[in-house]
Amino acid sequence: MTTRTRILTGITTTGTPHLGNYAGAIRPAIIASRDSNADSFYFLADYHALIKCDDPLRIQRSRLEIAATWLAGGLDVDRVTFYRQSDIPEIPELTWLLTCVAAKGLLNRAHAYKASVDKNVETGEDPDAGITMGLYSYPVLMAADILMFNAHKVPVGRDQIQHVEMARDIGQRFNHLFGQGKEFFTMPEALIEESVATLPGLDGRKMSKSYDNTIPLFSSAKEMKDAISRIVTDSRAPGEAKDPDNSHLFTLFQAFASAAQADEFRSELLQGLGWGEAKSRLFQLLDSDLGESRERYHQLIERPADLEDILQHGAKKARAVATPFLNELREAVGLRSFVAQTQVAATTKKKAAKTARFVSFREDDGSFRFRLLSADGEQLLLSRNFADGKTAGQVTKQLQAGQVLDVRSEDLSFSVWLEGECVADSPSFADGTARDAAIEALRIALTPVQE
Ligand code: TRP
């Protein structure tokens, strides 16, 4: 048994990493992987890339560049498990097992899918115009990535938090249906690095390919220099005091400088250092910090066979975990050898879930409320008061629709929220453990059961 924290994250292989990706994600991940307590799984999410990109050359190029970037940046592949998603056939297989338990209603609510639908509706198109099943099922594939390796922590950007929550939801559902008391899947948590700065780009907005304001990372010293020369500054002349706190050039400098270097640069700017000179300081700093990695990067890119070997080695390590685990999961769902003894279908749990029930009642003041009772009659929730029976009925319906429950803990109780409104409260519990167990029981009770 390992007590290390398993940290897993994927990088979609559709582009070339720029300086912002490096400072915001790659460098912190490489540093985190050196912690003796960390068991890091980092992979190229190339199946995910296919969802967004149908240009084979771009996919191939990006995989190579991203692999080389992480390695050149100092990722130690003896320490971490570094692999390509598409080298692990267990992942698409697990995706299917999870697809068969994932509620469609859950996926309907995925932000990325919803945004595409909204856009279509706005422009008067068919709601699903141009939307592939790949985009729709994106969160299930991501759930398989995460659950396959029982990750504890998943470092992601804010836009991905919902996907990690969906992975929990789907994993929990699978545990409940097939675990027979055993928790196959660990519940992952999204890890949002608050301290890591998002780098500003040339124009001061967030550095992003979609704004066309990036500084290249490892392409060449000249390209980096050219980009730096295009950083937008104010029009203060050399000799005039500059305001470091309102200069994204300074922010960029700071992201790569020691405290002492940053202090020195700050006072030079205050003393009137010219912007041209300031840009060349920034270039020198970046070049001394990244120059060696850039060289390693080009060596790696020129030896794709070596990169291939490294990734195959990573795939082997990952599959040493995935293959036996998937076998267990296949067994659990009934995909078993005919030779092995058969097992009685474990339907008791499903029945238990089915018998959790809503009981509605009317208060003396005429308002409508309901209770949710577990199979053994224990009160899981008591609703707030609703003006009419119809609203109360809609709320119970929504609670059973299979969406991610918005549960908020409050000391020794919790409440359930729908669209920003508190709709029901739990009883109060003896301690936090009892409260958390009740939240778990509630989620299970509200998971739609398949026939
Ligand atoms: N969807 C993630 C992104 O676009 C990439 C990704 C795929 C991922 N699978 C993952 C991240 C699993 C974390 C865990 O950023």
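Numbers here are sequence positions counted from 1. Just follow the structure's listing: the first ligand is 1, and inside any ligand the first atom is 1.
Close contacts between ligand 1 and Ala45 involve ligand atoms 7 (C) [criterion: under 4.0 Å to a heavy atom]. Annotation for ligand 1: atoms under 4.0 Å from non-hydrogen atoms of Val154 are 13 (C), 14 (C). Of all atoms in ligand 1, listed by their number and element, those nearer than 4.0 Å to a heavy atom of Phe43 are 9 (N), 10 (C), 12 (C). Every atom of ligand 1 is numbered from 1 in the order shown, and the set under 4.0 Å from a heavy atom of Tyr138 is 1 (N), 2 (C), 3 (C), 4 (O). Distances below 4.0 Å separate heavy atoms of Thr9 from the following atoms of ligand 1: 11 (C), 13 (C). Per-residue contacts place Thr12 under 4.0 angstrom from the following atoms of ligand 1 (heavy atoms of the residue considered): 3 (C), 4 (O), 5 (C).
Residue Gln85 does not touch ligand 1, judged by heavy-atom distances below 4.0 Å. Contact annotation for Val156 and ligand 1: only side-chain heavy atoms (C-beta onward) come within less than 4.0 Å of the ligand. Residue Tyr47 does not touch ligand 1, judged by heavy-atom distances below 4.0 Å. By the criterion of a heavy-atom distance under 4.0 Å, neither the backbone nor the side chain of Asp159 is placed next to ligand 1.
For the pair Arg27 and Phe256, the cation sits on the ring face: its NZ or CZ lies under 6.0 Å from the ring centre, inside 45° of the axis.
Separation of the Phe43 and Phe149 ring centroids does not fall under the 6.0 Å cut-off.
Classification of Arg303 and Asp306 as a salt-bridged pair holds, one side-chain N sitting under 4.0 Å from a carboxylate O.
Closest to atom 6 (C) of ligand 1, if we only count protein heavy atoms, is Gly10 O, 3.8 Å.
The residue from Arg294, Arg281, Lys225 that alone fulfils the salt bridge (charged side-chain N to carboxylate O under 4.0 Å, His left out) condition with Asp287 is Arg294. For the side-chain hydrogen bond (donor to acceptor under 3.5 Å, both in side chains) with Asp46, the lone residue among Arg84, Arg63, Gln60 that qualifies is Arg63.
A parallel orientation is assigned to the rings of Phe265 and Phe250, their planes being inclined by less than 30° (bins at 30° and 60°).
Counting non-hydrogen atoms of neighbouring residues, nucleotides and ligands closer than 6.0 angstrom, the CG atom of Asn37 exceeds 12 such neighbours. Heavy-atom contacts from other residues, nucleotides or ligands closer than 6.0 Å to CD of Glu328 number more than 12.
Considering backbone and side-chain N/O of Asp145, one or more are found under 3.5 Å from N/O of ligand 1.
Between the choices Met142, Gln160, His163, the shortest heavy-atom distance to atom 3 (C) of ligand 1 belongs to Gln160.
When all heavy atoms of Ser62 and Thr13 are compared, the pair lying nearest together is OG-C, 2.9 Å.
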